[in-house]
Amino acid sequence: MDALELLLQRRSVSRLAEPAPSGEALDNIFHAAMRAPDHGTLKPWRFIVIEGEGLKRFSQLLESAVLANGGDEEALEKARMAPFRAPQIITIVAHCTEHPKVPIWEQVVSAGCAVQAMQMAAVAQGFGGIWRSGPLTEHELVREAFGCRDEDEIVGFLYLGTPQVKPVRVKAGELGEFVGYF
Ligand SMILES: Cc1cc2nc3c(=O)[nH]c(=O)nc-3n(C[C@H](O)[C@H](O)[C@H](O)COP(=O)(O)O)c2cc1C
């Protein structure tokens, strides 16, 4: 796929099924992530793959977090089902370090760039995905399960798999409102 075409046409896909990226395709996704811009070469990211039985464990984790929040049955069911929307989920943690020249926010942005690169690499190889987050990314039980230290942030969960629908192409949009010259 042409690189510019990929950039201009990228869409998220929420209906995803097997197969998920594996082997070389999955390695390519992580290598793309690690080419994200990274001030100070801090590599401020960690990737945790959830698939197979891991999806069930993730479902139980989300359910526990909602339960700890006093959520009702509807919220519990939503949390339980959430992980089964894709055959694979990658949790992306911004693994941050106090640094004299690189503030924490820059490190979180780098981790976000890594997520974008991963989605792009997935699409380039015929897969699809969607970056999701939600309030549970900040829940203590969830943070602990993914090894977050105080200075870390879960920047999202990248749901990956094979698209079950073809995303609608969209026009890039009018630039005037968003672009200025200094
Ligand atoms: C940090 C971040 C968190 C997001 N969290 C969610 C989410 O929890 N649920 C959701 O449906 N979309 C979420 N999105 C938006 C989708 O990833 C996606 O961009 C959106 O559905 C628009 O589709 P498009 O990427 O095809 O333009 C999030 C995006 C970002 C950047």
Side-chain angles (χ1 to χ4, degrees), residues 1-17 20-21 29-30 32-33 35-38 44-50 55 58-59 61-66 69 71 74-96 103-143 145-146 148 151-175 177-179:
M1 182 185 286
D2 175 72
L4 190 58
E5 169 84 2
L6 176 63
L7 285 164
L8 294 179
Q9 292 300 330
R10 183 209 60 81
R11 292 299 317 273
S12 301
V13 183
S14 56
R15 289 187 57 192
L16 299 159
I29 287 171
F30 292 126
R35 289 301 311 131
D38 172 16
W45 40 62
R46 295 291 182 274
F47 311 110
I48 301 111
V49 180
I50 307 170
L55 292 171
F58 189 39
S59 164
L61 173 66
L62 296 180
E63 184 182 8
S64 312
V66 171
N69 283 351
E74 190 184 337
L76 284 166
E77 182 62 8
K78 193 173 167 205
R80 260 183 232 125
M81 296 312 295
F84 303 111
R85 292 175 291 181
Q88 181 181 68
I89 303 170
I90 301 174
T91 303
I92 301 93
V93 174
H95 184 86
C96 302
I104 296 290
W105 73 263
E106 289 193 4
Q107 299 176 46
V108 176
V109 169
S110 272
C113 290
V115 184
Q116 166 82 343
M118 291 164 85
Q119 192 188 43
M120 292 292 197
V123 174
Q125 298 178 101
F127 299 97
I130 180 164
W131 180 351
R132 296 184 189 272
S133 56
L136 295 180
T137 52
E138 292 175 30
H139 197 286
E140 204 42 52
L141 287 176
V142 177
R143 288 176 52 82
F146 291 111
C148 291
E151 56 276 41
D152 298 342
E153 298 288 347
I154 294 176
V155 294
F157 303 106
L158 183 62
Y159 285 60
L160 292 174
T162 299
Q164 298 304 289
V165 287
K166 205 171 153 67
V168 178
R169 290 169 78 94
V170 284
K171 282 179 81 176
E174 297 304 324
L175 300 183
E177 194 184 335
F178 307 102
V179 182

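This one's a predicted model, so the numbers in the text were calculated from it and none came from an experiment. Remember, it's 1-based here, ligands and their atoms both numbered in the order they're listed. Positions are given from 1, in the same order as the sequence printed here.
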Centre of Y159's six-membered ring, under 6.0 Å away, within 45 degrees of the axis: is that where NZ or CZ of R132 sits?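 R132 over Y159 ring: yes.
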[atom]: the protein heavy-atom neighbour that sits closest, reported with distance to 0.1 Å:
atom	answer
atom 11 (O) of ligand 1	R132 NH1, 3.5 Å
atom 8 (O) of ligand 1	S133 N, 2.9 Å
atom 18 (C) of ligand 1	S12 OG, 3.4 Å
atom 16 (C) of ligand 1	W131 O, 3.5 Å
atom 21 (O) of ligand 1	I130 CD1, 4.0 Å

Can you sort out which atoms of ligand 1 are near R10, meaning under 4.0 Å from one of its heavy atoms? 24 (P), 25 (O), 27 (O)
For ligand 1, which atoms sit closer than 4.0 Å to a heavy atom of R11? 24 (P), 26 (O), 27 (O)
So, are R169 and E5 salt-bridged, with charged N and O less than 4.0 Å apart?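 A salt bridge links R169 with E5.
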Steps toward side chain to side chain contact (heavy atoms under 4.5 Å, CB included) verdict (L158, I89): CA-CA 5 Å; L158 183 62; I89 303 170; over 6 Å; no
Mutual orientation of the aromatic rings belonging to F157 and F58 [parallel < 30°, tilted 30-60°, perpendicular > 60°]: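 Answer is tilted, since the angle falls between 30° and 60°.
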Using a 6.0 Å cut-off, check whether atom CZ of R35 has over 12 heavy atoms from anything other than its own residue. no
Could you go through the side chain to side chain contact (heavy atoms under 4.5 Å, CB included) check for V13 and V123 one step at a time? CA-CA 10 Å; V13 183; V123 174; over 6 Å; no
